[in-house]
There are 2 protein chains.
Amino acid sequence: MDSGYVTLEQVAEHAGVSLATASRVINGSTRQVSQRLRDKVNASAEELGYLANASAQTLARNSSSLVGLLVHDISDPYFSSIAAGVTRCAEERGLVLVLGSTNRSAQKEGRVLAALRSHRAKAVILVGSRSTDEESNARLIGEIEAFRRQGGRVACVSQPGLPADTVSPDNHSGAAALARHLVGLGHRRFAILAGPTDLRTARERLDGFHGALSAAGLELAHHNVVHGAFTRDGGYESTRRLMTLGTDATCLFAVNDVMATGAMAALRDLGMRVPDDLSVAGFDDIPTLRDLTPGLTTVRLPLEEMGERAAALALDEDHQGGHRVITVPGEVVARESTAPPTAS
Amino acid sequence: MDSGYVTLEQVAEHAGVSLATASRVINGSTRQVSQRLRDKVNASAEELGYLANASAQTLARNSSSLVGLLVHDISDPYFSSIAAGVTRCAEERGLVLVLGSTNRSAQKEGRVLAALRSHRAKAVILVGSRSTDEESNARLIGEIEAFRRQGGRVACVSQPGLPADTVSPDNHSGAAALARHLVGLGHRRFAILAGPTDLRTARERLDGFHGALSAAGLELAHHNVVHGAFTRDGGYESTRRLMTLGTDATCLFAVNDVMATGAMAALRDLGMRVPDDLSVAGFDDIPTLRDLTPGLTTVRLPLEEMGERAAALALDEDHQGGHRVITVPGEVVARESTAPPTAS
DNA sequence: CACGTCCTGGAAAACTCTTTCCCAGAGTAG
DNA sequence: CTACTCTGGGAAAGAGTTTTCCAGGACGTG
């Protein structure tokens with residue numbers, strides 16, 4: 001009790017039973033142990049303050065209680081919301097969550113995945129769209145396969161196409177619904193902050209939006225689509241660029257909320273009013289950003305729930321065969337950042 | 001390579017050396033190994049795709065590469081910003097970060113701490129003010145002592161008084177400086193959303209603010225101090241309560257930014273304009289909330305840096321003797337949510 | 001040349017569990 | 001009463017590393 005560790009052997013000795021029996025009592029194996037011995041062992045464990053050595057257990061069982069969570073940037077509220085859901089789910093099951101931040105670097109992702117493999121992690125949950133770059137995708141797939149071969153489970157949020165169970169927002173339909181809503185308000189000319197060209201999520205939202213416009217017989221001018229980083233600052237910068245070049249759009253769609261936030265800041269700095277001079281819409285409905293003024297029209301995704309469901313996919317019993325895909329719909333939330341275009 | 005694991009023994013055999021030598025090569029122990037053998041071992045490891053079994057290493061070394069991070073709620077941007085700093089620091093050192101969410105429950109905190117202990121985690125970083133409740137504090141201190149006895153390091157963010165190295169914002173001075181700034185604007189009557197009564201951070205900010213007012217010869221009416229949850233919704237609700245009872249204050253100070261956000265939302269819902277009808281100030285300068293309009297006057301804390309410094313305290317070499325305390329100053333950031341009071 | 005020292009490599013113990021295998025005793029059927 | 005099946009307990013064999021200890025060779029010194 002002083003400074004060293006209490007081992008199961010000490011507990012067994014103190015209880016006057018064998019190591020095997022003590023182990024059976026403490027972890028409740030398939031084997032029966034008489035009530036009398038069980039009480040003695042438990043009492044000894046309690047008295048000595050026994051705490052199992054997790055690495056010894058992992059080694060013996062060849063399976064640990066670790067679950068990995070890989071995100072691009074934990075300080076981004078999109079990821080931290082999902083992370084909250086995953087954490088909850090893991091903790092309910094008595095598992096320990098390992099957090100890896102990849103900063104969108106495939107290399108870091110590989111490192112973390114290897115570390116999880118080396119710890120015999122039970123499962124890993126990959127959050128956030130990867131690039132559409134073939135080569136790094138192939139490497140990622142290789143890592144995932146290796147992880148599963150060693151008995152780990154894998155689930156993804158927001159990146160269908162990987163060989164794993166997936167929870168994915170319906171980016172295409174959500175963006176299309178948003179486009180229809182905005183067209184319904186009377187907008188005809190749109191500008192889009194489309195994020196990085198090689199990011200799947202960004203691309204799907206762009207395509208969905210674009211598709212709905214086409215279906216409504218509207219064009220999307222090429223110069224009204226600007227690409228940039230998927231971040232608040234990316235949105236700010238893209239908006240400045242857009243406005244510097246000049247645009248005839250009456251409504252600006254940023255493919256995620258943090259970019260939309262940057263856009264609103266840029267417009268404010270340029271002396272433009274939202275929605276009077278330009279309507280703005282985003283995507284995700286980040287909880288922390290719900291208090292922006294004007295309130296941001298966006299597509300709501302149940303982020304925390306998505307994290308939870310992904311974790312459940314990865315942790316609940318095995319599902320044989322192909323990979324399950326859960327598609328969660330987005331819901332258009334109209335707020336004050338969009339309004340009918342003013343005649344001009 | 002197919003599905004099983006490659007063990008060090010296989011690598012050794014493949015390289016034609018002993019297990020001991022292989023181990024020495026791979027982890028670079030103090031012992032020398034000739035260049036010839038070293039090359040052979042490395043080549044074999046590479047060829048077989050060797051990946052060390054982390055739990056076996058932990059068991060043998062009795063020390064793992066895990067670092068714990070305990071926060072109340074990872075989806076709160078205050079915590080996720082700090083977490084980003086901690087993650088960075090841990091990853092730089094090749095360590096694996098374990099994230100525990102406690103939801104302000106001392107019991108959960110204990111569970112996570114025990115799990116970390118059982119994994120022989122190298123260090124743990126506790127973020128966020130604990131309650132001032134004596135009993136749960138005592139239990140926490142007990143857990144911390146146990147953790148250190150087993151060779152773990154502990155660092156805290158924002159909770160001096162625990163037996164560990166600490167990075168702590170200067171809540172008192174920051175709040176005082178803010179108060180002086182607001183008095184300088186001309187405010188004389190203040191209302192305070194003071195958060196929970198038993199939360200150390202909340203209390204220090206309240207005290208600092210109050211102290212500066214007293215020093216300026218101003219009173220703080222009792223009915224102008226309302227307590228509530230330390231969250232956005234707590235701020236909203238507290239503000240509604242305050243306004244329902246009526247207040248003569250010209251400026252509202254919420255002891256953190258998320259509460260201030262809730263306050264602004266409540267005021268908006270009540271049809272009051274900020275800062276025209278009431279000035280609002282917060283504390284923390286959460287990055288995600290910088291885009292609120294009107295911009296929130298607040299006290300800036302370098303959250304990510306605080307996380308990094310705490311991690312560094314916990315991870316860099318041992319410091320004998322007492323516990324180090326790093327106090328980081330806050331800086332008043334004046335934005336549009338505060339203005340001189342209008343004559344009324 | 002003898003002796004002590006340093007260096008490198010290997011054998012084996014240690015780390016703490018889980019689980020298999022074996023055994024003794026109790027109960028049951030023939 | 002024998003033979004057979006359960007049942008609960010213990011001994012011991014792993015699991016994959018690290019590290020200690022020992023042996024043998026090279027080298028330097030007197």
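Keep in mind that this is a model prediction, so the values were computed, not measured. Chain identifiers are assigned alphabetically (A, B, ...) following the order of the sequence lines, protein sequences preceding nucleic acid strands; residue numbering begins at 1 within each chain.
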As a check of understanding: the bend across the helix from C:dC1-D:dG30 to C:dG30-D:dC1, end axes from five pairs, rounded to 10 degrees, works out to 50°
Name all pairs fulfilling the ring-ring contact (aromatic ring centres under 6.0 Å, His included) condition that reach into residues 75-98 of chain A, sequence neighbours left out, sorted by first residue then second. A:His72-A:Phe79
side-chain hydrogen bond (donor to acceptor under 3.5 Å, both in side chains) partners for B:Ser18, two or more places apart: B:Thr21
Polar atoms only, N or O, under 3.5 Å: list the protein pairs with nucleotides 23-27 of chain D and their distances.
none

Scoring nucleotides 16-22 of chain D by protein non-hydrogen atoms under 4.0 Å (B base, S sugar-phosphate only, - none) yields BBBBBB-
Residues two or more places apart in sequence or in another chain: which of them pass salt bridge (charged side-chain N to carboxylate O under 4.0 Å, His left out) with B:Glu9? none
With salt bridge (charged side-chain N to carboxylate O under 4.0 Å, His left out) as the rule and sequence neighbours excluded, what pairs involving residues 69-89 of chain B come up? B:Arg88-B:Glu304, B:Arg88-B:Glu308
For B:Asp39 and B:Gln35, what are the C-alpha separation, side-chain angles and deciding distance, and is it a side chain to side chain donor-acceptor pair (under 3.5 Å)? CA-CA 6 Å; B:Asp39 290 347; B:Gln35 188 61 46; 2.9 Å; yes
Partners of A:Gln32 by side-chain hydrogen bond (donor to acceptor under 3.5 Å, both in side chains), sequence neighbours excluded? none
Value in whole Å for how far the P atom of D:dG10 lies from CD of A:Gln32: 15 Å
ring-ring contact (aromatic ring centres under 6.0 Å, His included): pairs with one or both residues in residues 35-55 of chain A, sequence neighbours excluded: none
Donor on one side chain, acceptor on other, A:Asn42 and A:Glu46, under 3.5 Å: no
Here the salt bridge (charged side-chain N to carboxylate O under 4.0 Å, His left out) pairs for residues 10-32 of chain A, sequence neighbours left out, are none
What I want to find out is whether A:Glu135 reaches A:Arg139 closely enough, with some N-O distance under 4.0 Å, to be called a salt bridge. yes
Contact list for residues 89-106 of chain A, test salt bridge (charged side-chain N to carboxylate O under 4.0 Å, His left out), sequence neighbours left out: A:Glu91-B:Lys108, A:Arg93-A:Asp316
Would you indicate whether A:Gln107, at its atom CD, is surrounded by more than 12 heavy atoms from other residues, nucleotides or ligands within a distance under 6.0 Å? no
First contact, last contact: which nucleotides of DNA chain C are these for chain A, 5' to 3', heavy-atom distance under 4.0 Å? C:dT16 to C:dC21
